[in-house]
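Following: one structure in structure tokens, then a few remarks.
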Amino acid sequence: MNNNTQSLWQKIQQSLLAIAPSIGESFQKPAEEAQIKALEEVIAQPLPESFKEYLRTFNGQEQSDSPHYFMGYNLLLPIDEIIETYQMLVEDFEGESIADELNPNKIQPVLWDKGWVPFTDFEATTRICIDLNPATNGVKGQVIMLYPGIDYQSDEVVLANSFEEFTQKIWNILDSKDYSFEEGIIEQDFLI
């Protein structure tokens, strides 16, 4: 068990409560073990332990007509939304290549890979995912950002080599106050 991930997410929420109470208050209660197991059954493989610890701390954010994005325009999905989004994307796009001439770098050059587990969403265009099926130069469990026009061969598609590293980066940004806050959005170059 990695209590460091849980501790950091609790600190992240406390920091968000101080910056914008509506964002911090939108974090949902912990996921139940049955929900986490259901997600693992859908993706047909185990999730990284640090991601499960996050889910045991917060099951995403409340979904509403006026979302409270946790950083940038990223809304943390609860498990039921992760499953729904994942199943839709696998059904619609799994295995469709972007271009046959692309050499895989860190992520697979496809529209959607069943090894990608989306845990944020912005209007069905931008998603942050855990990558459980990296390409040759990637790392299993890396955190990637997918959006229209992405350069699949760029190293910049990978935000962190693990969910634990991703969590630490989020905390470091908030703790060092390395962001701007305008019109209800916490902006930082790390996350768009």
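As the structure is a computational prediction, the values presented were derived from the model and not from experiment.
A salt bridge links Lys169 with Glu165: the closest approach of a Lys/Arg side-chain nitrogen to an acidic carboxylate oxygen falls below 4.0 angstrom. A salt bridge links Arg56 with Glu49: the closest approach of a Lys/Arg side-chain nitrogen to an acidic carboxylate oxygen falls below 4.0 angstrom.
Gln61 contributes a side-chain N or O that, together with a main-chain N or O of His68, makes up a donor-acceptor pair within less than 3.5 Å. With Gln13 contributing its side chain and Gly24 its backbone, the two residues share a donor-acceptor pair below 3.5 Å. A donor-acceptor pair under 3.5 Å is formed between the side chain of Gln108 and the backbone N or O of Pro134. Here the side chain of Thr167 pairs a donor or acceptor atom with the backbone of Phe163 at under 3.5 angstrom. Checking side-chain atoms of Glu40 against main-chain N and O of Leu47 turns up a donor-acceptor pair under 3.5 Å.
Residues Glu32 and Asn59 are not in side-chain contact: their nearest non-hydrogen atoms beyond the backbone lie 4.5 Å or more apart. Two residues are said to be in side-chain contact when any heavy atoms from C-beta on lie closer than 4.5 Å; Thr85 and Arg127 meet this criterion. Between Trp116 and Leu89, the closest side-chain pair of non-hydrogen atoms is not below 4.5 Å. You'll find the side chain of Leu174 stays beyond 4.5 Å of the side chain of Lys11, heavy atoms only. Looking at Tyr54 and Phe166, their side chains never come closer than 4.5 Å, going by heavy atoms from C-beta outward. No side-chain heavy atom of Asp151 sits less than 4.5 Å from a side-chain heavy atom of Glu156. Considering only heavy atoms from C-beta on, Tyr147 stays 4.5 Å or farther from Phe122 through its side chain. Contact check for Leu132 versus Pro46: no side-chain heavy atoms found under the 4.5 Å cut-off.
Pairing each heavy atom of Cys129 with each of Leu146, the nearest pair is SG-CD1, 3.9 Å. Considering all non-hydrogen atoms of both residues, Ile36 and Ala31 come closest at CG1-CB, 4.2 Å. Taking each heavy atom of Gly72 and Ile185 in turn, the nearest pair found is O-CG2, 3.6 Å. In terms of heavy atoms, Gly115 sits closest to Asp113 at N-OD1, 2.7 Å. Ser154 and Asn105 get closest at one heavy-atom pair: C-ND2, 4.0 Å. When all heavy atoms of Thr120 and Ile128 are compared, the pair lying nearest together is OG1-N, 3.0 Å.
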Q: Take Leu16 and Ile186, measure what side-chain contact (heavy atoms from CB on, under 4.5 Å) needs, and give me the verdict at the end.
A: CA-CA 9 Å; Leu16 292 172; Ile186 298 171; 3.3 Å; yes
Q | Ile12/Trp171 under side-chain contact (heavy atoms from CB on, under 4.5 Å): CA gap, chis, key distance, verdict | A | CA-CA 6 Å; Ile12 288 167; Trp171 169 244; 4.2 Å; yes
(Q) Please evaluate residues Gln28 and Leu76 with respect to the criterion side-chain contact (heavy atoms from CB on, under 4.5 Å), reporting the C-alpha separation (whole Å), side-chain torsions for both, the decisive distance (0.1 Å), and the verdict. (A) CA-CA 10 Å; Gln28 297 196 110; Leu76 295 164; over 6 Å; no
Q: Dump the intermediate steps for side-chain contact (heavy atoms from CB on, under 4.5 Å) on Thr5 and Thr57, then the final yes or no.
A: CA-CA 9 Å; Thr5 300; Thr57 311; over 6 Å; no
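Residues Leu8 and Leu17 do not share a hydrophobic cluster, defined by chaining ILVMFWY side chains whose heavy atoms lie under 4.5 Å apart. Ile173 and Phe181 fall within the same hydrophobic cluster, where Ile, Leu, Val, Met, Phe, Trp and Tyr residues are linked whenever their side-chain heavy atoms come under 4.5 Å apart, directly or through other members. The hydrophobic clustering, which links ILVMFWY residues whose side-chain heavy atoms are closer than 4.5 Å, places Met88 and Ile43 together.
A distance of 11.5 Å separates OH of Tyr69 from OG of Ser26, quoted to the nearest 0.5 Å. Rounded to the nearest 0.5 angstrom, Phe93 CZ and Glu91 CD are separated by 10.5 Å. Put simply, CG on Leu75 and CD on Glu81 are 8.5 Å apart, with the number rounded to the nearest 0.5 Å. Rounding to the nearest 0.5 Å places CG of Asp155 at 7.5 Å from CG of Asn137. Here the straight-line distance linking atom NZ of Lys177 with atom CG of Asn172 works out to 12.5 Å at 0.5 Å rounding. Within the model, atoms CD of Gln168 and CG of Asp175 stand 9.0 Å from one another, a figure rounded to the nearest 0.5 Å.
Applying side chain to side chain contact (heavy atoms under 4.5 Å, CB included) to Gln63 and the options Asp121, Asp80, Leu77 leaves one that passes, Leu77.
Using cut-offs of 30° and 60° on the angle between ring planes, the pair Phe70 and Trp9 is tilted. Between Tyr86 and Trp112, the ring-plane angle classifies as perpendicular under the 30° and 60° cut-offs.
Side-chain atoms of Gln142 and Asp131 include a donor-acceptor pair closer than 3.5 Å.
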